[in-house]
Amino acid sequence: QVQLVESGGGLVQAGGSLRLSCAASGLTVSSAIMGWFRQAPGKEREFVAAIRGSGEFTYYADSVKGRFTISRDSAKNAVYLQMNSLKSEDTAVYYCGAGSPLRPAGSQSTYDYWGQGSQVTVSS
């Protein structure tokens with residue numbers, strides 16, 4: 001049984017940083033595509049970042065490029081999202097997903113498994 005558990009969300013001031021973690025069980029993160037999506041109130045869930053392969057392939061939404069970094073720790077079977085220079089518009093519930101590495105990184109349909117979500121609130 002696959003399980004993804006996010007942690008690390010919270011309240012931070014604009015310009016601050018947070019790191020989200022996604023601990024996986026029932027699958028090997030290095031064999032899957034691992035992604036982060038987010039959903040703000042009243043909005044659709046949107047792609048944030050993804051990683052696949054040996055970690056050399058990373059993908060980012062334009063809105064977070066240069067501020068967010070996705071990484072993976074195979075020994076811990078976990079994926080991380082380092083978020084710097086946070087803005088109020090980054091406020092959302094962040095979800096970790098896992099899927100086939102052969103599918104497009106930015107599509108929700110790529111991801112077969114999802115975590116429960118972690119709230120990130122950025123105050124201005």
Side-chain angles (χ1 to χ4, degrees):
Q1 182 179 357
V2 175
Q3 191 172 18
L4 303 175
V5 179
E6 298 104 334
S7 60
L11 174 64
V12 65
Q13 287 189 329
S17 299
L18 281 175
R19 189 176 85 148
L20 300 180
S21 299
C22 174
S25 59
L27 61 80
T28 303
V29 297
S30 59
S31 299
I33 186 167
M34 302 297 297
W36 289 96
F37 284 69
R38 67 187 181 186
Q39 187 167 19
K43 294 188 176 182
E44 299 285 322
R45 189 176 294 193
E46 64 175 5
F47 171 73
V48 176
I51 185 168
R52 67 169 137 207
S54 301
E56 69 272 23
F57 298 111
T58 57
Y59 311 86
Y60 296 94
D62 287 343
S63 59
V64 306
K65 275 182 185 175
R67 300 188 299 122
F68 290 12
T69 302
I70 189 170
S71 62
R72 185 182 64 200
D73 186 332
S74 296
K76 294 184 178 180
N77 208 35
V79 176
Y80 307 96
L81 185 68
Q82 178 66 44
M83 304 183 293
N84 299 329
S85 302
L86 283 161
K87 306 175 182 179
S88 57
E89 51 263 44
D90 294 318
T91 295
V93 177
Y94 284 70
Y95 296 91
C96 174
S100 168
L102 301 179
R103 302 178 194 161
S107 173
Q108 284 193 61
S109 61
T110 286
Y111 302 88
D112 301 307
Y113 307 99
W114 294 94
Q116 81 287 354
S118 183
Q119 177 70 49
V120 171
T121 303
V122 184
S123 64
S124 56

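Checked by atom type and distance alone, the side chain of S88 never pairs as donor or acceptor with a backbone atom of V122 at under 3.5 Å. The closest donor-acceptor contact from the side chain of E6 to the backbone of Q116 lies under 3.5 Å. Judged by distance alone, the side chain of R52 and the main-chain N or O of R103 form a donor-acceptor pair under 3.5 Å.
Using a 4.0 Å cut-off between charged side-chain N and carboxylate O, D62 and K65 make a salt bridge.
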Where do V120 and M83 land on the side-chain contact (heavy atoms from CB on, under 4.5 Å) test, with the steps shown first?
CA-CA 10 Å; V120 171; M83 304 183 293; 3.8 Å; yes
Check the pair S30 / T28 against side chain to side chain donor-acceptor pair (under 3.5 Å), numbers first and verdict last.
CA-CA 5 Å; S30 59; T28 303; 5.5 Å; no
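Heavy atoms only, all atoms of each residue included: C22 and M34 are closest at SG-CE, 4.4 Å. In plain terms, the two heavy atoms of I70 and Y60 that are nearest each other are N-OH, 2.9 Å. In this structure, Q119 and A92 approach most closely via the heavy-atom pair NE2-O, 3.5 Å. For A105 against F47, the heavy-atom pair with the smallest separation is O-CE1, 3.5 Å. Counting all heavy atoms, side chain and backbone alike, G9 lies closest to L20 at N-CD2, 3.5 Å. For the residue pair A14 and S124, the shortest heavy atom distance occurs at CB-CA, 4.2 Å.
Hydrophobic cluster membership is shared by V29 and V2, with clusters built from Ile, Leu, Val, Met, Phe, Trp and Tyr side chains linked at under 4.5 angstrom. With hydrophobic clusters built from ILVMFWY side chains whose heavy atoms lie under 4.5 angstrom apart, L81 does not share a cluster with L11.
Remark: E46 engages R38 in a salt bridge (charged side-chain N to carboxylate O under 4.0 Å, His left out) (not counting sequence neighbours).
Between F68 and Y94, the angle of the ring planes lies from 30° to 60°, which puts this pair in the tilted group.
The salt bridge (Lys or Arg N to Asp or Glu O under 4.0 Å) pairs that include a residue from residues 10-20 number zero, where partners must be two or more places apart or lie in different chains. Pairs of residues two or more places apart, or lying in two chains, that qualify as side chain to side chain donor-acceptor pair (under 3.5 Å) and include a residue from residues 75-84 are S17-N84, Q82-N84.
Counting heavy atoms from C-beta outward, W114 and C96 have side chains that stay 4.5 Å or more apart.
Between Y111 and Y95, a ring centre-to-centre spacing not shorter than 6.0 Å is recorded.
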